[in-house]
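Encoded as structure tokens, the structure appears first; notes follow it.
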Amino acid sequence: MSIRATEMLRDTISAPHLGAEPRDWLALLKPRVVSLVVFTGATGLVIAPGRINPLLAAIAIFCIALGAGAAGAINMWYDRDIDAIMRRTTSRPIPAGKIEAGGALGFGIVLAVISVVLLAMATNLCAAAVLAFSIFYYAVIYTIWLKRRTPQNIVIGGAAGAFPAVIGWAAVTGHIGLLPVVLFLIVFFWTPPHFWSLSLYASTDYEKASVPMLPVVKGARHTRWNVFVYTLILFPLALSPWFLGLAGRIYGATACVLGAAFLYFAWAVLRDEQDAKGVSLSKDQPARAAFKFSILYLFLLFAAIAVDRLV
Amino acid sequence: MMTTARDKKDYAKDPMPRVEITESHWSDEQKAEFLRRRRARNFLLLAALGGFCLIIYVIAMVKLHEYGQMW
């Protein structure tokens with residue numbers, strides 16, 4: 001083989017063979033998603049009646065983060081083919097050639113087992129069982145089963161992100177009460193408008209990868225209506241802890257203001273200027289704004305219920 | 001280095017010669033980078049194992065202190 005050919009081959013293979021850096025392994029855990037999961041899990045811990053040792057509480061939150069990260073790593077392992085096609089995900093460690101697919105899967109499984117075992121040791125079997133089920137739900141039911149089969153993938157799969165508050169509550173009490181179930185439902189109904197807002201302006205990516213997201217299958221107009229309807233359902237649902245006497249006035253007022261603001265953003269998505277096919281003429285600016293606000297909405301809503309309990 | 005007509009002909013016959021690429025083909029910079037990344041990974045693994053042991057120790061101490069038993 002000529003020297004030039006050797007040089008070319010060396011350049012081609014050098015990146016993967018040099019091995020991944022710690023930050024690449026960290027990227028496998030989807031740190032942004034984990035940060036929101038940690039927050040909702042911590043809220044579940046704070047609002048639960050009863051007492052837990054602060055050290056065990058910290059370990060429980062760590063386990064929730066580890067479990068969510070493990071599910072993210074397994075998701076990246078399975079979705080490596082479509083991640084390589086979509087512009088938003090090409091820089092992820094596996095499609096970028098920094099981490100081998102098998103390594104990512106092994107990493108995810110090991111972390112999943114460690115997180116569940118540690119949570120069982122630190123708190124109780126109920127919390128560990130819910131954590132184990134949430135990892136299974138995200139990795140298998142959502143990623144492997146639903147994501148590529150139905151445009152309702154995000155509705156059913158959204159439950160995976162709703163578990164942390166239940167886990168946090170169960171870590172303290174050892175059982176599942178009404179309030180964590182309501183919080184579960186809030187995150188469940190929050191996920192579709194949150195994610196469909198994103199998929200409205202990333203639909204070409206999903207179309208390229210043949211992922212049947214709602215805008216790809218049913219079109220942008222239908223998706224906008226769904227964003228609005230789910231936000232409409234979310235409004236009274238988010239107020240229900242107050243109606244049911246499970247939260248106080250601070251939470252009630254916050255949920256009311258945030259719900260109204262979210263409805264305003266969803267209405268803007270619905271009324272966005274569109275062509276005959278429902279494609280946005282404003283580069284989906286309202287959808288981008290709704291997506292950003294949805295993150296703030298959940299953060300503030302959970303902060304409000306935690307503050308309400310502590311005050 | 002210029003590619004001759006003969007090189008092109010040989011390359012066409014065997015487009016991807018089965019030559020094992022080993023560390024000996026790496027430049028000094030690539031070797032240094034490889035060693036740096038391997039060292040970082042090893043330290044990270046050591047820290048993770050140490051952290052795992054520490055967490056189990058903390059759980060055991062807290063539970064034994066508060067409840068008098070682990071389970």
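In this text, all values refer to a predicted model and were calculated from it rather than measured experimentally. Below, read A as the first sequence line, B as the second, and so on, with proteins coming before strands; counting in each chain starts at 1.
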Inter-residue atom distance B:Ile59.CD1 - A:Leu55.CG, 0.5 Å rounding:
10.0 Å
Could you measure the distance from the CZ atom of B:Arg41 to the CG atom of A:Asp24? Nearest 0.5 Å is fine.
10.0 Å
B:Glu33 CD to A:Glu21 CD distance, which is reported to the nearest 0.5 Å:
5.5 Å
Chain B contacts: which residues in residues 71-82 of chain A have a non-hydrogen atom closer than 4.5 Å to it?
none
Which atoms of B:Leu44 approach chain A - backbone, side chain, both or neither, heavy atom under 4.5 Å:
side chain
So, does B:Lys63 use its side chain to make a donor-acceptor pair with the main chain of A:Leu56 at under 3.5 Å?
no
Tell me, yes or no, whether the heavy-atom count around A:Arg23 atom CZ, taken from other residues, nucleotides or ligands under 6.0 Å, exceeds 12.
no
If you tally heavy-atom pairs under 4.5 Å between each of A:Leu118, A:Asn124, A:Ile114, A:Leu125 and chain B, the highest tally belongs to A:Leu118
Enumerate by number any residue of residues 26-50 of chain A whose heavy atoms lie under 4.5 Å from heavy atoms of chain B; in the absence of such residues, state 'none'.
none
